[in-house]
Amino acid sequence: MKMKRNDKCWCNSGKKYKHCHYGRKDESPISKGEAIDFSKRNSQRKGCYVPEEMKLSCSNKIINAHTISKSGSLMAIADSSNHVFGLKIDLPNLIKNNGKLIPEKIGINQASTFKGFCSTHDKALFSCIEDKDFIGDDEQCFALMYRSVAKEIYAKEGSLNHADFIKAGDKGKDIAQQFLFRNLLTEIKLL
């Protein structure tokens with residue numbers, strides 16, 4: 001396959017070859033360390049998942065927001081050392097466990113958390129389920145649903161970030177390997 005620099009790239013990115021895969025085989029491949037660093041940064045990214053009109057009152061102190069009520073649920077299932085079993089799904093743990101997801105003890109302050117709300121909004125939105133007995137009223141049910149949706153959006157954004165990172169996985173490979181890699185990404189719906 002002979003491509004000119006200004007041709008559309010063979011990978012169907014819509015970019016010109018010179019701005020896409022031209023010289024890709026000469027680039028440094030992604031190292032294991034780079035992949036681990038990216039995975040850690042991606043899993044620790046922060047944001048406050050409130051509507052835009054509420055963002056002006058953010059405290060800018062992003063906390064570990066619980067997806068499961070710590071006081072109501074996690075404490076009830078914790079062992080005597082305040083730990084529960086959970087999954088730590090990140091690249092370092094997958095490498096450590098040979099690709100297997102193995103439940104491990106996690107302290108209740110870290111269990112089932114994500115960095116998805118500032119301290120001000122977490123308290124304002126979720127005190128109705130954290131600081132009160134659960135009675136299932138509209139406010140509590142909405143708070144549970146809202147927190148679940150925010151966590152899901154956070155997870156989906158993380159997946160998109162990983163997909164973008166993975167797309168550079170053909171750096172340093174010859175054209176045949178690049179082509180096979182792109183076909184694999186197409187098969188698993190990352191392209």
Side-chain angles (χ1 to χ4, degrees), residues 13 15 20 27-71 73-74 78 82-130 142-172 181-182 184-186 188-191:
S13 67
K15 297 177 186 176
C20 196
E27 295 178 18
S28 296
I30 295 171
S31 70
K32 183 177 176 180
E34 287 173 304
I36 289 171
D37 288 345
F38 174 81
S39 179
K40 286 179 180 177
R41 281 192 320 275
N42 193 41
S43 66
Q44 292 298 310
R45 69 191 193 289
K46 300 175 181 181
C48 190
Y49 287 78
V50 294
E52 283 301 315
E53 56 271 10
M54 292 177 71
K55 291 204 183 262
L56 293 173
S57 60
C58 276
S59 67
N60 292 327
K61 181 183 178 205
I62 303 298
I63 62 163
N64 283 332
H66 284 272
T67 58
I68 298 172
S69 171
K70 181 172 91 171
S71 59
S73 300
L74 288 175
N82 280 334
H83 286 76
V84 295
F85 277 99
L87 296 172
K88 290 183 180 177
I89 305 173
D90 59 18
L91 188 55
N93 271 336
L94 287 171
I95 291 169
K96 179 179 88 176
N97 297 321
N98 295 317
K100 296 177 184 168
L101 293 174
I102 299 175
E104 57 187 278
K105 284 189 170 190
I106 303 171
I108 61 171
N109 288 332
Q110 297 301 316
S112 187
T113 61
F114 71 111
K115 296 185 181 301
F117 291 101
C118 71
S119 56
T120 298
H121 291 123
D122 188 70
K123 184 72 173 166
L125 293 169
F126 307 117
S127 65
C128 64
I129 50 179
E130 290 293 339
F142 179 81
L144 287 171
M145 180 274 314
Y146 187 79
R147 189 158 51 184
S148 297
V149 168
K151 170 63 168 111
E152 190 63 21
I153 292 169
Y154 182 87
K156 297 292 188 220
E157 286 175 349
S159 293
L160 287 172
N161 293 342
H162 273 107
D164 285 341
F165 183 79
I166 288 168
K167 289 174 188 175
D170 59 357
K171 293 192 314 184
F181 183 78
R182 290 308 224 192
L184 173 66
L185 294 183
T186 300
I188 61 173
K189 310 275 191 256
L190 285 182
L191 290 179

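Nearest heavy-atom pair, A78 versus I108, reported as atom, atom and distance to 0.1 Å: CB-CG2, 3.8 Å. When all heavy atoms of N64 and K115 are compared, the pair lying nearest together is OD1-NZ, 2.8 Å. Pairing each heavy atom of P51 with each of Y146, the nearest pair is CD-OH, 3.4 Å. Between A143 and I129, the shortest heavy-atom distance links the atoms CB-CD1, 4.1 Å.
Remark: side-chain polar atoms of N97 are paired, donor with acceptor, to backbone N or O of N93 under 3.5 angstrom. Counting only distance, with no hydrogens or angles, the side chain of N42 and the backbone of G158 share a donor-acceptor pair below 3.5 Å. In this structure a side-chain-to-backbone donor-acceptor pair under 3.5 Å is missing from N82 to G107.
When the side-chain hydrogen bond (donor to acceptor under 3.5 Å, both in side chains) test is applied to E152, the partners found at least two apart in sequence or on another chain are K156. F126 meets the ring pair (Phe, Tyr, Trp, His ring centres under 6.0 Å) test with F117; sequence neighbours excluded. Partners of E130 under the salt bridge (Lys or Arg N to Asp or Glu O under 4.0 Å) rule, at least two apart in sequence or in another chain, are R147. Not counting sequence neighbours, K15 has no partner by the side-chain hydrogen bond (donor to acceptor under 3.5 Å, both in side chains) test. By the ring pair (Phe, Tyr, Trp, His ring centres under 6.0 Å) test, F165 pairs with F38, sequence neighbours left out. Taking K61 as the reference, nothing meets the salt bridge (Lys or Arg N to Asp or Glu O under 4.0 Å) condition, with sequence neighbours excluded. T120 is linked by a side-chain contact (heavy atoms from CB on, under 4.5 Å) to S59, C118, counting only residues two or more places apart in sequence or in another chain. Evaluation of the side-chain contact (heavy atoms from CB on, under 4.5 Å) rule for I68 yields S73, L74, S112 as partners, not counting sequence neighbours. Take F181 and apply the side-chain contact (heavy atoms from CB on, under 4.5 Å) test, not counting sequence neighbours, and it matches I166, D170, L185. With sequence neighbours excluded, no residue satisfies side-chain hydrogen bond (donor to acceptor under 3.5 Å, both in side chains) with K46. D164 pairs by the salt bridge (Lys or Arg N to Asp or Glu O under 4.0 Å) definition with K167, not counting sequence neighbours.
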Please determine whether side-chain contact (heavy atoms from CB on, under 4.5 Å) holds for the pair S28 and K171, giving the CA-CA distance in whole Å, both sets of side-chain angles, and the decisive distance to 0.1 Å. CA-CA 6 Å; S28 296; K171 293 192 314 184; over 6 Å; no

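To the nearest 0.5 Å, the span separating CZ on F142 from SG on C128 amounts to 10.0 Å. Distance check: H121 NE2 to C58 SG gives 5.0 Å after rounding to the nearest 0.5 Å. Atoms CG and NE2, from N109 and H83 in turn, are 9.5 Å apart once rounded to the nearest 0.5 Å. Interatomic distance, L87 CG to I106 CD1, rounded to the nearest 0.5 Å: 7.0 Å. Considering CG of N60 and NZ of K55, their distance stands at 10.5 Å, rounded to 0.5 Å. Put simply, NZ on K96 and CG on L91 are 12.5 Å apart, with the number rounded to the nearest 0.5 Å.
Residues K105 and V84 are not in side-chain contact: their nearest non-hydrogen atoms beyond the backbone lie 4.5 Å or more apart. By the 4.5 Å heavy-atom criterion applied to side chains, S39 and H162 are counted as neighbours. At a threshold of 4.5 Å between non-hydrogen side-chain atoms, the residues M54 and Y49 do not count as touching. Side-chain contact between S148 and T67: absent, with no pair of heavy atoms (C-beta onward) separated by less than 4.5 Å.
Applying the salt bridge (charged side-chain N to carboxylate O under 4.0 Å, His left out) test to every pair with at least one member in residues 30-45, sequence neighbours left out, gives no pairs at all.
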